[in-house]
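All heavy atoms count here, side chains included; hydrogens, waters and symmetry mates do not. Just so we're on the same page: letters track the sequence lines, and every chain starts at 1.
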2 protein chains.
Amino acid sequence: MTETLDVTDRTRLRRSRERGHFDRDTINTILDAQPMCSVGYIIDGRPFVTPTLQWREGNHVYWHGSSASRALRNSRDAEVSLSVAILDGFVLARSGMHHSVNSRSVTLFGTAVKVENPDEKLAKLRRFVEGLFPGRYERLRPDHAQDLKATMVLGMEISEGSAKIREGGPIDEEPDYALPIWAGVIPVHTQVGAPIADSRNIEGVPIPEHVTAFRL
Amino acid sequence: MTETLDVTDRTRLRRSRERGHFDRDTINTILDAQPMCSVGYIIDGRPFVTPTLQWREGNHVYWHGSSASRALRNSRDAEVSLSVAILDGFVLARSGMHHSVNSRSVTLFGTAVKVENPDEKLAKLRRFVEGLFPGRYERLRPDHAQDLKATMVLGMEISEGSAKIREGGPIDEEPDYALPIWAGVIPVHTQVGAPIADSRNIEGVPIPEHVTAFRL
């Protein structure tokens, strides 16, 4: 793992330094907590960022899309950066410059490799769905070969990158604690709502536990 | 505005096409709904993605960080891509390949320009805090000149980019609607929790309305 490469918030930087280096378990926990990610790549010398979903399997992270996707075609066999960021709260300090956010983030670097073998590709996609909704895949209509062909799966080894975590209250300059200013944290978190059944569901089809028990 | 450049989900692509092109109001609404963003940039020919916070003022989007930040120093006067993505729900279909997510996202492209004038820089930072917490800045300890010096603000004109929105239930293949499979949407949204006062707040300092009324 390389050192943290860039931090755009001085408070987080200070915290990061206090915490020292982040291990692979920390990185894995953040990746597993939030499938939404941003993949950065280069086309014709210009930087692109595309939001997509990632999933982890052991020491690799995967993402997918249409085989026709410009993003995927240009990321394949190319260097990419993949970032997951979770906002945990707003940190309100006693001066403007010490305002911050509590967050957990991971940024990975590496070469995106296409999963070529069709069986392996299907296994990865199953794992993606099963990771979110255990037991769902075997209940689904089996995949058509052409669907699988139309889908590209890219993967990257988790070998270079870093995690950053900022938590807790504001860190103000010592004299500022005497000021009569409300400081603190406004927490935010992702709330899972009540499932909405599709209007075309067969009457009486039971709602599976992987839906009712779903948590992020 | 250019056309949507890349879509990693066929369902979203289909939806995007159904909806035609997205106007500036749609882009602005998504930017204003979520400060967390990802900035993509290039260092030594390699793509980097850094999560940070953005705020909009008219036809520009801004982000900031330490003047020493490698991310910011390398983004300045360089081409960047800035992406905001909001996850609204998981879409469970009757086949694996038609699973999707409901989401709103914006990806912008342009050249990051440093806000050089100190007064203008301060005005931008005030606007950032005020945009989230109206009325807060005037109550804070005034900024130290060195704090302002240590902070870099980058901005980019909103002139090239696109928005993508996917909403609603699954879109399955017609024969699959006859299958006894539960399909639907698991909505997710960002929940604002109860504010946590800093333990070093002066006793009796009132909690301001910009905290109690905070919504994302």
statement: Comparing A:A178, A:P195, A:P208, A:S95 against chain B, the one with the most heavy-atom pairs below 4.5 Å turns out to be A:S95
message: If I measure from the heavy atoms of chain B, does A:R136 come under 4.5 Å with its side chain, its backbone, both, or neither?
response: side chain
- line: Whatever's closer than 4.5 Å to a heavy atom in chain A on B:F90 counts as side chain
statement: The interface call for A:L92 against chain B, heavy-atom contacts under 4.5 Å, is both
field: Nearest non-hydrogen partners of A:A194 and B:P187, listed with the distance
entry: O-CD, 3.2 Å
query: Given a strict heavy-atom distance threshold of 4.5 Å, which part of A:V84 is in contact with chain B: side chain, backbone, both, or neither?
result: neither
message: Would you say that more than 12 heavy atoms from the other residues, nucleotides or ligands in this model lie under 6.0 Å from the CD of A:E157, or not?
response: yes
- request: To the nearest 0.5 Å, tell me how far A:I42 CD1 sits from B:F48 CZ.
  value: 9.5 Å
- prompt: Which atoms of A:F214 come close to chain B, meaning under 4.5 Å heavy atom to heavy atom: side chain ones, backbone ones, both, or neither?
  reply: side chain
Evaluation steps, side chain to side chain contact (heavy atoms under 4.5 Å, CB included), between A:V192 and B:I186: CA-CA 7 Å; A:V192 176; B:I186 303 178; 3.5 Å; yes
task: Please flag which part of A:L148 lies under 4.5 Å from any non-hydrogen atom of chain B: side chain, backbone, both or neither.
output: both
task: Let me know if B:E173 has heavy atoms under 4.5 Å from chain A in its side chain, its backbone, both or neither.
output: side chain
- prompt: Which distance, rounded to the nearest 0.5 Å, do you find between the NE2 of B:H99 and the CG of A:L140?
  reply: 5.0 Å
message: Ignoring hydrogens, what is the shortest heavy-atom contact between A:P51 and B:T107? Give both atom names and the distance.
response: CD-OG1, 4.1 Å
statement: Turns out that what part of B:R200 lies under 4.5 Å from chain A's heavy atoms comes down to both
field: Heavy-atom contact with chain B under 4.5 Å, split by part of A:P206
entry: backbone
query: In terms of heavy-atom proximity below 4.5 Å to chain A, should B:A68 be classed as side chain, backbone, both, or neither?
result: neither
task: Give the member of B:T190, B:I207, B:L125 that has the highest number of heavy-atom pairs under 4.5 Å with chain A.
output: B:I207
- prompt: Just by distance, do the side chain of B:N201 and the backbone of A:A183 share a donor-acceptor pair under 3.5 Å?
  reply: yes
- prompt: Measuring heavy-atom distances to chain B, does A:I181 have an atom under 4.5 Å in its side chain, in its backbone, in both, or in neither?
  reply: both
query: Which one, A:A93, A:S199, A:P142, leads in non-hydrogen pairs under 4.5 Å with chain B?
result: A:A93
- prompt: So which heavy atom on B:Y137 is nearest to which on A:G96, and how close?
  reply: OH-CA, 3.8 Å
query: For chain A, which residues from residues 74-81 of chain B have at least one heavy atom closer than 4.5 Å to it?
result: B:E79, B:V80, B:S81
query: Side chain, backbone, both or neither: which part of A:R46 has a non-hydrogen atom closer than 4.5 Å to chain B?
result: both
- request: Taking all non-hydrogen atoms of both residues into account, name the closest pair between A:W182 and B:V205 and its distance.
  value: N-CG2, 3.7 Å
message: Quick one, A:R94 with B:D198, criterion salt bridge (Lys or Arg N to Asp or Glu O under 4.0 Å). Give me CA distance, side-chain angles, the key distance, then yes/no.
response: CA-CA 10 Å; A:R94 294 158 181 90; B:D198 188 39; 2.8 Å; yes
field: Over 12 foreign heavy atoms within 6.0 Å of CD, B:E138
entry: no
- prompt: For residues 175-190 of chain A, which residue pairs qualify under salt bridge (charged side-chain N to carboxylate O under 4.0 Å, His left out), counting only residues two or more places apart or in two chains?
  reply: A:D176-B:R141
Per-residue contact mode, A:F133 against chain B (heavy atom under 4.5 angstrom): side chain
- prompt: Taking B:G193, B:P35, B:G45 one by one, which has the highest count of heavy-atom pairs under 4.5 Å against chain A?
  reply: B:G193
message: Strictly by salt bridge (charged side-chain N to carboxylate O under 4.0 Å, His left out), give each pair with a member in residues 95-112 of chain A just once, sequence neighbours left out.
response: A:D88-A:R104
query: B:D32: what forms a salt bridge (Lys or Arg N to Asp or Glu O under 4.0 Å) with it, not counting sequence neighbours?
result: B:R56
message: Can you tell me which portion of B:V91 sits under 4.5 Å from chain A's heavy atoms? Options are side chain, backbone, both or neither.
response: neither
message: Which one wins on heavy-atom pair count under 4.5 Å against chain B: A:V129, A:I202, A:L179, A:L216?
response: A:I202
query: Side chain of B:D147, backbone of A:M97: donor and acceptor closer than 3.5 Å?
result: no
